[in-house]
2 protein chains.
Amino acid sequence: MSEVESFFKSAFSVDNVIFGFDGGDLKILLIQRGAAPYRGKWALPGDLVYPNEDLDTAAERVLEQLTGLRGVYLEQVRTFGAVDRHPLGRVITIAYFSLIKISDYTVTPASFAQSAKWHSVSKVGELAFDHNEILDSCLKRLKRKVRMAPIGFELLPPKFTLTELQLLYEAILAPPKGIDKRNFRKKILSTNLLHDLNEVQEGVAHRPAKLYQFDKDKYEQLVAVGYSFDI
Amino acid sequence: MSEVESFFKSAFSVDNVIFGFDGGDLKILLIQRGAAPYRGKWALPGDLVYPNEDLDTAAERVLEQLTGLRGVYLEQVRTFGAVDRHPLGRVITIAYFSLIKISDYTVTPASFAQSAKWHSVSKVGELAFDHNEILDSCLKRLKRKVRMAPIGFELLPPKFTLTELQLLYEAILAPPKGIDKRNFRKKILSTNLLHDLNEVQEGVAHRPAKLYQFDKDKYEQLVAVGYSFDI
DNA sequence: TGCCTTTGTGTCTTTGCAGCACAATAATAA
DNA sequence: TTATTATTGTGCTGCAAAGACACAAAGGCA
């Protein structure tokens, strides 16, 4: 094999850490591998990138094939390329994470996922390939990003209570002493990005909470004028 | 060509944004391309990744071939993989940045750089490929990272004055109104990571400044106990 | 009607950041 | 030797944001 040929005997894939939130725990969607290598092991959903496909597109495709969802929040994190990371050849992988509303995910529509299941990130065991390392990277990125951009809302239903929002932040950031309710509300409301819907929860056995909605248009207007979210 | 073969008809490269600081401007090292495509254009130093080479290693190799330097600060930033980003085929590239002491760089030791030259980042023109976009990403990353980790010192000589350090931060962060001298000194000295050498500048036509040195050992001890640099 | 659970709210203290001016030091020129 | 020039080194005062903290109000349920 010529040197030039050997350069091209390599491939790249995308792996996607798909985050969801069930009201208590931060979760990720894992698939159980049906084929070697690592048959039977849990792994991040991923696939080789098609020759004429952009990287982001490939990550979107992986997500859609697994969940049927399109247009969700997606972010590239970093690339893993250790020579021996894939037993069958030189495959580097570009890691992404996405944020979906867990209620939108119904059932596996497709294909390569014999079984897909939500796992609490705090209880993820040993994964195939270098996927634990990839997960760590993506989780770190999420922790940083969720404070610098209003992406947490991608994990919540359109209407939510302030308590739900706080639980989400606590699940992601896992601060040692929790978050102070009054200070959290003060800070989040002072952004003026939450729209008070003048509706309340129904069917709860206690004082019902008010429902809010994230005002994306307003956020984008502010960003255009130099605003930067910080929580 | 079979589908499997076509998956493997692709390659990956690394591109390295090499930052230096000359006391006033933040600079990057660019090479002028001697071959098509983009012959004659300035470009980031980069190369294909060898089949049996890790990504970080490839980035280090590119740097060493160009500067002769080893063991410098290096960080992966992100991966660029648009289908049409390379005119000759599907080549995705993993972008890195490195920080070197500009005085350590003497002359081009090697090879693929017909001419390498420092360019002020503020005066970089149109580059080959998508290298302007890559540069933007790396610069943004540097701006963020230099505030979260004591990496600025990688760009300065071992002994430096507080004014030099401040000029470096101003060159990187380019804050609208400059940085206040007293507040900067207060903050940087309060980290207790600068070792006062009890030496002063010599041969300057004004009051000589004290020389300091970054205490890397101390920093690493603190990090091990949960400290996080923030400036 | 009373009980249970969760929501919603204000104040005080502490900490960090921004803004600001002038005397001390060394080289150089007169 | 003295004056000039350039740059260093230093402290205080608001102001804004963050952290700590407790209790009445609302609704379902027994």
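Chain naming here is simple, since letters A, B, ... match the order of the sequence lines and numbering starts at 1 in each.
Ring geometry for His131(A) against Phe129(A) counts as tilted: the plane angle lies between 30° and 60°, on a 0 to 90° scale.
Taking atom CG on Leu211(B) and atom P on dA26(C), their separation rounds to 13 Å, with Å as the unit. Atom-to-atom, CZ of Phe160(A) to C1' of dT7(C) comes out at 16 Å; the value is rounded to the nearest Å. Taking atom CG of residue Leu167(A) and atom P of nucleotide dT6(C), one finds them 11 Å apart after rounding to whole Å. For Ile188(B) and dG16(C), the CD1 to C1' distance is 16 Å, given to the nearest whole Å. Atom CG of Asp196(B) is separated from atom P of dG9(D) by 9 Å (rounded to the nearest Å). The CD atom of Gln166(B) sits 14 Å away from the P atom of dT7(D) (whole-angstrom rounding). Regarding Leu165(B), its CG atom lies at a distance of 15 Å from the C1' atom of dG9(D), rounded to whole Å. Computed from coordinates, the Phe184(A) CZ to dT7(C) P distance equals 13 Å when rounded to whole Å.
Between Lys41(B) and Glu126(B) there is a salt bridge, with a side-chain nitrogen of the basic residue lying less than 4.0 Å from a carboxylate oxygen of the acidic one.
Of the side-chain N and O atoms in Arg185(B), none sit less than 4.0 angstrom from OP1 or OP2 of dT10(D).
Taking for each of Lys210(B) and Asp230(A) the nucleotide of DNA chain D with the nearest heavy atom, the 5'-most of the two is the partner of Lys210(B).
Identified under the salt bridge (Lys or Arg N to Asp or Glu O under 4.0 Å) test for residues 169-193 of chain A, with sequence neighbours left out: none. Among residue pairs with one or both ends in residues 133-152 of chain B, those qualifying as side-chain hydrogen bond (donor to acceptor under 3.5 Å, both in side chains) are Tyr73(B)-Lys145(B), Glu75(B)-Arg141(B), Glu75(B)-Lys145(B); sequence neighbours excluded. Applying the salt bridge (Lys or Arg N to Asp or Glu O under 4.0 Å) test to pairs two or more places apart or on separate chains, those with a residue in residues 191-214 of chain A are Lys159(A)-Glu199(A), Asp196(A)-Lys210(A).
Using a 4.0 Å heavy-atom criterion, one finds that Lys186(A) contacts the bases of the nucleic acid, with or without backbone contacts as well. At the heavy-atom level, Thr163(B) lies under 4.0 Å from the strands shown only through sugar-phosphate atoms.
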(request) Do nucleotides 21-30 of chain D as a string where each nucleotide becomes B, S or -: B if the base has a protein heavy atom under 4.0 Å, S if just the sugar-phosphate does, - if no protein is that close. (result) BB--BBBS--

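Every residue meeting the side chain to side chain contact (heavy atoms under 4.5 Å, CB included) condition with Asn192(B), not counting sequence neighbours, appears here in chain and number order: Lys218(B). Checked against ring pair (Phe, Tyr, Trp, His ring centres under 6.0 Å), Phe153(A) has the following partners two or more places apart in sequence or in another chain: Phe160(A), Phe214(A).
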